[in-house]
Structures are given as structure tokens and as C-alpha cells.
There are 2 protein chains.
Amino acid sequence: MAARPRIKDVAEYAGVSPKTVSNVINNFEHVSDRTRETVKEAIEALGYRVNIAGRQLRQGRTGMITLAVPELDVAYFAELAKHVMAEADRRGQTVLLHQTNGVRERELAALHGFDAQFTDGVILSPLALHPRDVATRDRRLPVVLLGERPAEGSTDHVAIDNVAAAREATAHLLSRGRRRIAVVGGMVRGPQGTDRLRTDGYREALKEAHVPFDSDLVVPVDAFHWRDGARAAAALLDADPRPDALLCLNDHLALGALRALYERGVSVPGELDVVGFDDIEASQFSVPSLTTVAPDKREIARAAVALLLDRIDDPDTSPLQDHVVGHEVIVRESTGG
Amino acid sequence: MAARPRIKDVAEYAGVSPKTVSNVINNFEHVSDRTRETVKEAIEALGYRVNIAGRQLRQGRTGMITLAVPELDVAYFAELAKHVMAEADRRGQTVLLHQTNGVRERELAALHGFDAQFTDGVILSPLALHPRDVATRDRRLPVVLLGERPAEGSTDHVAIDNVAAAREATAHLLSRGRRRIAVVGGMVRGPQGTDRLRTDGYREALKEAHVPFDSDLVVPVDAFHWRDGARAAAALLDADPRPDALLCLNDHLALGALRALYERGVSVPGELDVVGFDDIEASQFSVPSLTTVAPDKREIARAAVALLLDRIDDPDTSPLQDHVVGHEVIVRESTGG
DNA sequence: CATGCGAATTACATCGATGTAAATGTGCGG
DNA sequence: CCGCACATTTACATCGATGTAATTCGCATG
């Protein structure tokens with residue numbers, strides 16, 4: 001089987017110089033129609049395809065960006081990835097997707113381009129990164145962080161207003177008369193991660209409604225998966241007094257909780273309300289369907305890609321951006337919708 | 001901000017030749033410990049990282065493989081992607097993930113390497129590919145197909161035994177006394193796609209049990225999403241006589257059906273059984289939990305990566321493989337488990 | 001101390017595409 | 001028919017890493 005043809009082969013076949021072929025490929029304007037036609041035929045005839053390595057070596061750009069998320073089988077990240085890839089596509093970029101499993105080491109690797117000068121920049125959704133990791137990173141690789149923000153400054157950042165989102169979701173529960181609202185996946189003290197910010201928003205809502213805060217109702221979890229939500233909900237049912245609502249910090253926790261409540265015969269929303277975050281597709285189809293805080297994922301993707309490409313084009317001058325994306329509380333059956 | 005250092009800069013810093021630096025990077029054996037140490041320090045000091053483009057240009061390999069799936073927000077593909085990426089990682093390869101949206105044009109592009117000589121090979125999960133597309137493809141790019149197989153030969157292929165899987169799932173329903181089993185997403189005539197093969201398996205099971213086949217019970221769908229399952233289930237409830245079981249050809253259809261049945265007040269598995277395919281994580285946590293056919297996803301991923309890498313190493317000689325992966329019917333609440 | 005041998009290191013060419021600058025071609029006015 | 005302006009096309013060098021082959025080094029032996 002013949003080796004892949006090079007630009008030189010196409011040139012010889014077409015009877016022109018390699019550079020002319022290159023000019024045709026790149027739609028350079030000063031190429032006569034006849035030459036362009038001849039070259040295109042040669043490309044077709046030989047089945048020629050650009051070798052990206054050669055191009056990148058010359059141009060210094062790959063046209064690829066890295067997207068690093070914790071886990072693809074967490075629906076939120078899969079949906080986000082889908083949007084980022086679509087947006088990148090629209091802007092002529094290719095996405096290299098990585099999973100970090102939320103492990104600091106791998107997030108660090110992402111932050112530094114996976115020990116290869118590979119893609120032009122990185123969009124990273126961190127979980128375990130330490131503030132110092134971000135502060136001391138190698139500034140030569142453009143990075144946009146999503147969601148968590150271990151440290152101010154140093155990178156561009158895109159996220160929803162987590163405090164406001166949690167406040168609104170909590171207010172919704174309070175407006176339905178709920179008073180003992182548990183926070184599944186919450187965190188009272190500790191770094192300003194998403195869990196902490198959302199717990200803060202929850203507390204703000206309680207305060208506004210003059211409902212006392214009870215730290216026993218803030219339940220940390222190992223991970224944000226179904227099983228953790230199920231486990232936490234089961235534990236909360238045994239508490240005395242029982243909570244009358246669960247504010248779950250993502251939809252998987254909430255869906256796991258729904259399952260546990262079903263197993264215990266607790267009616268939702270009759271006896272207890274449940275709210276999630278992320279608005280993954282499953283939350284529309286669960287039984288009962290799930291009230292949730294929907295971030296504008298498309299806008300997150302759009303902003304992240306835009307910020308990153310700007311930063312790639314112009315690494316130094318433009319000021320660091322902190323893009324806040326809209327969100328919305330979608331009321332469904334799990335809170336009487 | 002300084003530009004990224006090249007191998008030459010490291011060489012100068014360490015006082016050796018570029019080739020020696022390269023030897024250190026690639027763990028070439030004939031390098032003295034002292035030199036190795038010096039070079040490593042220089043790499044560290046300058047923050048040097050390999051430029052993949054340069055390496056690939058020289059070596060003719062990228063160490064990257066493409067994985068092209070229809071949609072990441074279909075959980076099965078997200079889970080599969082996760083496994084493929086993990087397996088590729090284990091074998092020192094990086095995965096470039098693409099979504100085709102099940103559009104023939106994009107699948108064709110994947111089959112041909114996305115008009116760039118980019119990755120070393122492609123793992124493609126096709127939906128819309130025409131047999132001719134596969135038969136006439138450019139053989140210079142190694143390809144492994146997953147699931148659907150538009151044409152025999154021409155590529156390596158990995159899938160479960162769809163006929164047997166559907167036969168077993170149907171037999172399970174029959175053993176529970178179900179006799180009017182609808183196939184959601186099924187196809188009686190048409191190409192040997194997954195839907196057709198599974199419908200064939202369903203028919204085999206009926207035949208073995210001497211249950212007559214009724215083509216009205218085979219319901220095609222637009223796509224394999226929740227909403228399509230919900231829609232199909234709703235339509236089937238209005239049929240007379242009603243089916244007493246739904247064999248849904250993936251879990252999303254099944255979960256959507258469960259939702260529709262819940263809305264209509266039909267008890268599962270009391271009045272009606274539901275079975276899915278894929279064993280996505282959600283099927284463990286749905287209400288009721290879902291009986292489903294679980295393909296060995298890890299093995300699919302392992303085999304696909306292995307076949308592809310073999311083909312990359314040795315494009316011509318080894319015979320085309322058709323790897324059949326194991327599956328298992330997991331009985332849960334939706335069929336009385 | 002010359003010689004030989006393997007280990008360690010290096011010079012050089014090369015992978016494929018494209019930017020630069022120079023060369024060639026074309027059309028038009030004078 | 002000449003010369004100029006502009007459009008096309010081309011020669012050549014270059015991006016960064018590494019394979020090949022040649023060179024240098026270190027050390028033991030006669």
C-alpha cells in the first residue's frame with residue numbers, strides 16, 4: 001500500500017511547486033483559477049491530506065485545545081463537553097478531551113499541558129487543585145478554568161454565580177414552607193469551592209427568612225455520584241428530627257436520593273422536597289421529575305472557548321476575565337411543580 | 001514572557017548536543033548517569049516540554065488515536081469513551097474524541113481522518129454509514145468499528161452478539177409469562193444494523209417459545225433518547241390489545257418509557273415489564289430500577305484499542321478481526337428482580 | 001606507551017508544510 | 001515595441017526532534 005502522499009507529490013503530479021499547492025490548500029488569493037483547479041484535481045487523485053505535524057511545526061499552532069473534565073460519565077460534564085466541542089468546531093478548533101478523575105496530579109498535568117507542548121491551550125474543570133498550583137503555574141500555556149476557582153487571578157474563569165444560585169434554590173424551598181433543609185454535598189468551612197459557595201448561598205437564604213442554621217443538616221459526601229446521594233439521603237432519614245427537604249448540590253446526588261427515598265417509602269414531594277443542580281437530561285425523566293438549578297451550559301462553553309482563543313491570540317495584554325454565566329431554577333415535580 | 005524552550009536551548013544550557021538531550025528524553029541506554037542528570041536538571045530549569053509536532057514529523061506517528069461516537073450525552077457512549085480513554089492511556093496513547101451526531105457526513109469524515117493526517121487511527125461507532133462508504137474507504141488509515149457494522153470485511157470490528165443478547169432478554173420476559181412484547185426502537189426489515197439484529201434475536205426467542213410474531217409490536221423510533229422512549233410507550237398504551245412488556249433497544253428509551261408509564265399510572269412490573277440495553281449507570285437508580293442487557297464495556301474498549309494498535313503497527317498482514325464481546329442480562333425491579 | 005574496543009557523544013540530514021523574498025508572467029499605456 | 005505595475009509562481013530556509021553514521025572518549029591489554 002502506498003505511503004501517504006506529501007505536498008511535494010501533489011506538486012509533481014500537478015506540475016507546479018509545493019508552495020503553490022500550499023497556497024491552494026490555504027486559499028491564498030493570488031492563485032489563478034486554472035492552477036487552483038489543476039492542483040485540486042491532483043489532491044483528489046492522490047488522496048492527499050494535510051499533515052498537521054508539518055503545519056504545526058511551521059506555524060507554531062495546532063488548532064487543538066484541551067478540555068479536561070473530571071469524569072465523562074458524570075452527565076453534567078458529558079453535556080458540557082458536548083457543547084464545548086460544538087463551539088470549538090464552530091471556531092475551527094479541535095478538542096482533545098481528557099479525564100482527570102478529579103485527581104490533583106492529573107489536574108496539574110492538565111494545567112501544564114500534559115508534559116507535551118501539544119495543544120494551544122487548556123479548558124480545565126478542576127476539583128482537587130490547590131490554590132498554589134494555580135498561582136505558580138507556567139504562564140506560557142493559556143488556561144481557562146470552569147466552575148471551581150482555586151485561586152483568584154492567574155487564569156481566566158467561567159462559572160455561574162453559585163452563591164446566588166443556591167440562595168434562589170433554597171428560597172424556593174422556603175417559599176414552599178420547608179424549614180429543615182438539608183444540604184447534601186455541602187461544606188460549611190473550607191476553601192471557596194463550589195460546595196462551599198453553594199452552602200454559603202443556602203445560609204444567606206436561611207438568614208433572609210429568619211430560619212436558624214443547623215450545621216447537622218450540612219452533609220458532606222465522598223463524591224457527587226448517585227450512590228453518594230442515596231447513602232446521604234438514607235442517613236438523613238434516620239436523623240431526628242427529619243429534614244423536610246434536600247438541597248443536593250448536583251443532580252446525580254439528587255437522583256440517588258430520590259431512589260433512596262423511594263426505597264424507604266418516603267413520598268416526594270409529599271413528605272419531602274428534593275432539589276438538584278445542573279439540569280442534566282435525566283432530571284426531566286426521573287420519577288418524580290427533578291427541580292434543579294440549570295446553568296446556561298451553552299454559554300459556559302461559548303465563553304470558555306472565546307476566552308481561551310483570545311488568550312491564545314494575545315497571551316499578555318488583555319486583563320484576566322471572570323465571566324459569570326446565567327442560571328435558572330427549574331421547578332419540576334420534586335418540589336410540587 | 002519567554003518563548004517555550006526547544007531541545008536546542010536545553011542542550012546549550014546543559015552543555016551537550018541536542019541529540020544527547022533527545023537521548024535522555026527517550027531513555028536511550030548509552031547515556032552516562034552524570035550527563036543524564038545534568039540534562040534532566042536543564043529540562044527542569046527551563047521548563048522544557050517535548051514538541052509533539054516535531055517528534056511526529058520525524059517519527060511518522062502521533063501517539064494519538066481518534067474515537068468518534070455519535071453523542072457524548074448519550075450515557076452509553078460517555079461510559080464507553082471513558083473506558084476507551086482509560087485503556088488508551090494505559091497503552092501510552094492519547095485519545096482525540098469526536099462527536100458525529102450520527103450524521104453520515106461526519107462519520108465519513110471520521111472514517112477518513114477528518115481531512116487531516118492527524119491521528120494514527122480511528123475507533124468509530126457508526127450509525128448512518130452506508131456499506132459502500134466502508135468498502136471504498138481509504139485503507140491507509142487503520143479503523144476499528146464498534147457496534148454497527150455496515151459492511152463485512154474491510155475493517156476490524158468489535159461488538160456484542162446482538163442477536164443472542166436480544167434473544168436472551170426476550171426469553172427472560174417470556175419466562176415471566178409475558179406474551180405481547182413490544183420492541184421499542186426495533187426494525188423488522190432493512191440493513192443488518194444493531195436494531196435489526198436485536199429484532200431478529202427477539203423473533204428467534206418468540207419462535208422458540210411458539211409465540212406468534214406481531215409486526216405491530218415492533219415500533220421504530222427517530223432516535224434512541226428518553227423522549228423517543230416516552231413517546232413510543234405512550235403510543236403503545238393506546239394500542240389494543242396492550243403490550244404486556246417493552247423490550248427497549250437501549251436504556252434511554254427504557255427510562256423514557258418508564259417515565260411515560262408512570263405518568264399514565266401503569267405499574268411496572270405489576271402490569272407491564274420493561275427491559276433496556278446498555279446498563280448505563282442510571283438504570284440502577286431509576287424508579288423502578290431497570291432490567292437491562294449489560295455489554296462488557298471494558299472489554300469492548302480493551303479490544304478496540306488493542307485491535308487498532310495492532311493494525312497501526314502492522315497495517316497489512318494480519319487478518320481482519322471480528323471480536324465478539326460478552327454480555328449479561330441483569331435482572332432488576334422492572335421485571336420483578 | 002601504543003593499540004583496540006565498546007561506550008558515549010555528536011554532526012548532519014531529514015520528516016512536511018509554509019513564510020519570505022525573489023523571479024517570472026501578464027496586461028496595459030505610451 | 002518598450003517598460004512598468006501588478007498578479008502568479010517559485011526557490012529556499014525554517015520550524016523541533018531524532019535516526020544514521022561518524023567521531024571522540026575511557027579504559028584495559030599487550
Side-chain angles (χ1 to χ4, degrees), chain A residues 2-40 42-43 46-64 113-120 140-141, chain B residues 2-40 42-43 46-64 113-120 140-141:
Chain A
R4 302 201 84 114
R6 300 153 298 170
I7 215 169
K8 186 160 155 263
D9 302 317
V10 176
E12 277 165 17
Y13 187 98
V16 299
S17 76
K19 182 69 219 270
T20 298
V21 177
S22 168
N23 287 338
V24 170
I25 293 167
N26 294 288
N27 285 315
F28 182 62
E29 57 179 344
H30 296 306
V31 178
S32 70
D33 289 347
R34 214 156 58 85
T35 307
R36 191 180 298 275
E37 207 48 47
T38 316
V39 170
K40 281 188 170 165
I43 288 175
L46 299 179
Y48 169 80
R49 277 147 210 284
V50 175
N51 180 322
I52 292 285
R55 171 179 289 174
Q56 197 252 326
L57 189 54
R58 185 63 241 225
Q59 298 185 329
R61 277 239 206 152
T62 54
M64 292 197 272
F114 294 98
D115 66 40
Q117 196 171 327
F118 208 68
T119 57
D120 301 331
R140 282 171 298 195
L141 180 70
Chain B
R4 301 197 86 112
R6 299 153 299 169
I7 214 169
K8 186 158 154 262
D9 302 316
V10 176
E12 278 166 14
Y13 187 96
V16 299
S17 78
K19 183 70 223 270
T20 298
V21 176
S22 168
N23 287 338
V24 171
I25 293 167
N26 293 288
N27 284 315
F28 182 63
E29 56 180 343
H30 296 305
V31 177
S32 70
D33 290 349
R34 215 158 55 86
T35 307
R36 193 180 297 274
E37 207 47 46
T38 317
V39 170
K40 281 190 170 164
I43 288 175
L46 299 179
Y48 169 81
R49 278 150 207 284
V50 176
N51 180 322
I52 293 285
R55 170 179 289 174
Q56 197 254 324
L57 189 54
R58 187 63 241 229
Q59 297 186 329
R61 277 241 207 149
T62 53
M64 293 197 272
F114 294 100
D115 68 41
Q117 197 171 328
F118 206 69
T119 57
D120 300 331
R140 284 171 298 195
L141 181 70

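By convention in this document, chain letters (A, B, ...) are assigned in the order of the sequence lines, proteins followed by strands, and residues within each chain are numbered from 1.
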Any side-chain heavy atom of [X] sitting closer than 4.5 Å to one from [Y]?
| X | Y | answer |
| --- | --- | --- |
| A:Arg49 | B:Leu141 | no |
| A:Thr38 | A:Val16 | no |
| B:Asn23 | B:Val39 | no |

Below 3.5 Å is the cut-off: list the nitrogen or oxygen pairs between protein and nucleotides 25-28 of chain D, distance only.
none

>> Just to verify, what does B:Arg58 make a side-chain hydrogen bond (donor to acceptor under 3.5 Å, both in side chains) with, not counting sequence neighbours?
In response: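 Here no residue qualifies.
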>> Run the side-chain hydrogen bond (donor to acceptor under 3.5 Å, both in side chains) test against B:Thr62 and tell me which residues pass, sequence neighbours left out.
In response: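 side-chain hydrogen bond (donor to acceptor under 3.5 Å, both in side chains) list for B:Thr62, sorted by chain: B:Asp120.
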Rounded to the nearest 0.5 Å, how far apart are [atom1] of [X] and [atom2] of [Y]?
| X | Y | atom1 | atom2 | result |
| --- | --- | --- | --- | --- |
| B:Thr35 | B:Lys40 | OG1 | NZ | 12.0 Å |
| B:Ile7 | B:Thr20 | CD1 | OG1 | 9.5 Å |
| A:Ser32 | A:Arg34 | OG | CZ | 6.5 Å |

Give every pair of a protein N or O atom and an N or O atom of nucleotides 17-19 of chain D that lie under 3.5 Å apart, one pair per line with the distance.
| from | atom 1 | to | atom 2 | distance (Å) |
| --- | --- | --- | --- | --- |
| D:dA17 | OP1 | B:Tyr48 | OH | 2.3 |
| D:dA17 | OP1 | B:Asn51 | N | 3.1 |
| D:dA17 | OP2 | B:Ile7 | N | 2.5 |
| D:dT18 | OP1 | B:Asn26 | ND2 | 3.4 |
| D:dT18 | OP1 | B:Arg55 | NE | 2.7 |
| D:dT18 | OP1 | B:Arg55 | NH2 | 3.3 |
| D:dT18 | OP2 | B:Ser22 | OG | 3.0 |
| D:dT18 | OP2 | B:Asn26 | ND2 | 3.2 |
| D:dT18 | O2 | B:Arg58 | NH1 | 3.1 |
| D:dG19 | OP1 | B:Gln59 | NE2 | 3.4 |
| D:dG19 | N7 | B:Lys19 | NZ | 3.1 |

>> Report for the helix from C:dC1-D:dG30 to C:dG30-D:dC1: angle between first-end and last-end helix axes, five pairs each, rounded to 10 degrees.
In response: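 That helix has its two terminal axes inclined by roughly 60°.
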> Any donor-acceptor pair under 3.5 Å linking the side chain of B:Asn51 with the backbone of B:Ala53?
Replying inline: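 Judged by distance alone, yes, a pair lies under 3.5 Å.
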Looking only at heavy atoms, which two atoms of [X] and [Y] are closest? And how far apart?
| X | Y | value |
| --- | --- | --- |
| A:Tyr48 | A:Pro5 | CD1-O, 3.3 Å |
| A:Thr119 | A:Met64 | CB-O, 3.2 Å |
| A:Arg4 | A:Asp9 | O-OD2, 4.5 Å |
| A:Arg36 | A:Phe28 | NH2-O, 3.0 Å |

>> If you take any heavy atom closer than 4.0 Å to DNA chain D, which residues from residues 27-36 of chain B end up in contact?
In response: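 Here the set is empty: none.
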>> Without decimals, in angstroms, what is the distance between A:Arg4 CZ and C:dG16 C1'?
In response: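 It works out to 13 Å between those atoms.
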> Hey, does the side chain of A:Thr20 come within less than 4.0 Å of D:dT9's phosphate (OP1/OP2), counting only N and O?
Replying inline: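 A:Thr20 to D:dT9 OP1/OP2: no side-chain N or O under 4.0 Å.
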